[in-house]
Amino acid sequence: MADCGNVTVVPSDVLQNFRKLTATVETIVQRGAFPVIVGGDPAITFPVVRGLSTLGPLDIVHFDAHMDYTHQAQGVPYTHASPIRRCRELPFVRNISSIGIRKESKRAYDEAMADGNLVITTRRFKRLGPQAAIELLPDSENLYVTVDIDVLDPTHAPGTGAPEVGGLYYEELRDSLVHLAGKHRIVAFDMVEVAPPYDHAETTTMVASRLIIDLLSAVFPPRP
């Protein structure tokens, strides 16, 4: 494992920052490594996924309380409200599955469904349980996982910019990630929306870090 450091950004130059992030991910992939990207703003998911184009057809599993499927926010197409919509527009992206959704506009939901996305709401997830919910996902050659920490209930992850009550618990998300890794070839993932200034006793940071370790341990299990 290696810490590749931070991608330096130019304040307010979103497109340039996105280009730098895409180039960084491309370099990591070219070296045969497994990228783990930590945000920050969930808008980074789009430029990260764009950097995985050489891997071939890619599916996305998106854990989030929100759809992130808005076409534009205040006339801007690249915001925290639109990364999954932008990913859908990439030619090598096939299936997108959003899990844990519990607050979104009807328009965004309808448009995602019309585009062929799978949406598993928190209520449905709770009824099914982690393993059965993951079993609903389409088969995948290469899978990208994006985790917005606000998919968790605020009692487990209070330090985020858009908390929503009634979310997943740590154990439910952990079991989902482990089952995903057992069924699919995960090629990269991100963890976004952790906001330390809003955190209490570093609870959210600790949970996010643990989930990263949980998923890495499932993707790269210890050798006997």
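Within the 4.5 Å cutoff, the side chain of F46 has heavy atoms near those of the L90 side chain. Between T54 and Q30, the closest side-chain pair of non-hydrogen atoms is not below 4.5 Å. With a 4.5 Å cut-off on side-chain heavy atoms, L136 and R124 count as touching. Contact annotation: the side chain of V147 never approaches that of I212 to less than 4.5 Å [non-hydrogen atoms, C-beta and beyond]. You'll find the side chain of T205 reaches within 4.5 Å of the side chain of D199, heavy atoms only. For the pair M67/H62, no side-chain contact is recorded, criterion being any heavy-atom separation below 4.5 Å from C-beta on. Put simply, the side chain of L118 does not reach to within 4.5 Å of the side chain of I96, judged on heavy atoms. Side-chain atoms of F92 and S53, non-hydrogen and from C-beta on, do get closer than 4.5 Å to each other.
A donor atom on one side chain and an acceptor atom on the other are found under 3.5 Å apart for T146 and T45. A side-chain donor from one of H66 and D150 sits under 3.5 Å from a side-chain acceptor of the other. A side-chain N or O of R86 and one of H71 form a donor-acceptor pair less than 3.5 Å apart.
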Item checked: side-chain contact (heavy atoms from CB on, under 4.5 Å) between L152 and V207, intermediate numbers included -> CA-CA 10 Å; L152 293 176; V207 170; 3.6 Å; yes

Pair F34, L216 - check side-chain contact (heavy atoms from CB on, under 4.5 Å), show working. CA-CA 10 Å; F34 180 95; L216 284 174; 3.9 Å; yes

Tell me, with the steps shown, if V165 and T155 meet side-chain contact (heavy atoms from CB on, under 4.5 Å). CA-CA 8 Å; V165 298; T155 57; over 6 Å; no

(request) Report the C-alpha separation of I44 and I37 in whole Å, then their side-chain angles, then the decisive distance to 0.1 Å, and conclude whether the side-chain contact (heavy atoms from CB on, under 4.5 Å) test is met. (result) CA-CA 9 Å; I44 68 167; I37 300 88; 3.7 Å; yes

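Distance CG/L58 to SG/C87: 8.5 Å, rounded to 0.5 Å. Note: L137 CG to L143 CG = 8.0 Å, rounded to the nearest 0.5 Å. Of the inter-residue distances, the one linking D148 atom CG with D68 atom CG reads 6.5 Å to the nearest 0.5 angstrom. Remark: E172 CD to D153 CG distance equals 9.5 Å, nearest 0.5 Å. Considering CZ of R94 and CG of D59, their distance stands at 4.5 Å, rounded to 0.5 Å. Atoms CG and CZ, on D13 and F18 in that order, are 11.0 Å from each other to the nearest 0.5 Å.
Residues E171 and R174 are not paired through a salt bridge, judged by the lack of any N-O separation under 4.0 Å between the basic side chain and the carboxylate. Under a 4.0 Å N-O distance rule, the pair E164/R102 does not qualify as a salt bridge. Salt bridge status for R88 with D115: absent, with no side-chain N to carboxylate O gap under 4.0 Å. Between E26 and R50 there is no salt bridge, since no side-chain N of the basic residue sits under 4.0 Å from a carboxylate O of the acidic one.
The ring-ring contact (aromatic ring centres under 6.0 Å, His included) analysis of residues 180-199, with sequence neighbours excluded, yields no pairs.
Ring centers of Y69 and Y109: at least 6.0 Å apart, outside the cut-off.
Under the 4.5 Å side-chain heavy-atom criterion for grouping Ile, Leu, Val, Met, Phe, Trp and Tyr, M1 is connected to L215 within one hydrophobic cluster. One hydrophobic cluster holds both V49 and V29 under the rule that ILVMFWY side chains link at heavy-atom gaps under 4.5 Å.
More than 12 non-hydrogen atoms from other residues, nucleotides or ligands lie less than 6.0 angstrom from CZ of R19. Residue K20 places its NZ atom among more than 12 non-hydrogen atoms of other residues, nucleotides or ligands, all under 6.0 Å distant. Counting non-hydrogen atoms of neighbouring residues, nucleotides and ligands closer than 6.0 angstrom, the CD atom of Q16 exceeds 12 such neighbours.
Among all heavy-atom pairs drawn from P196 and V194, the shortest one is CD-O, 3.5 Å.
Below 30°, between 30° and 60°, or above 60°: for H156 and Y169 the angle between ring planes is below 30°, a parallel geometry.
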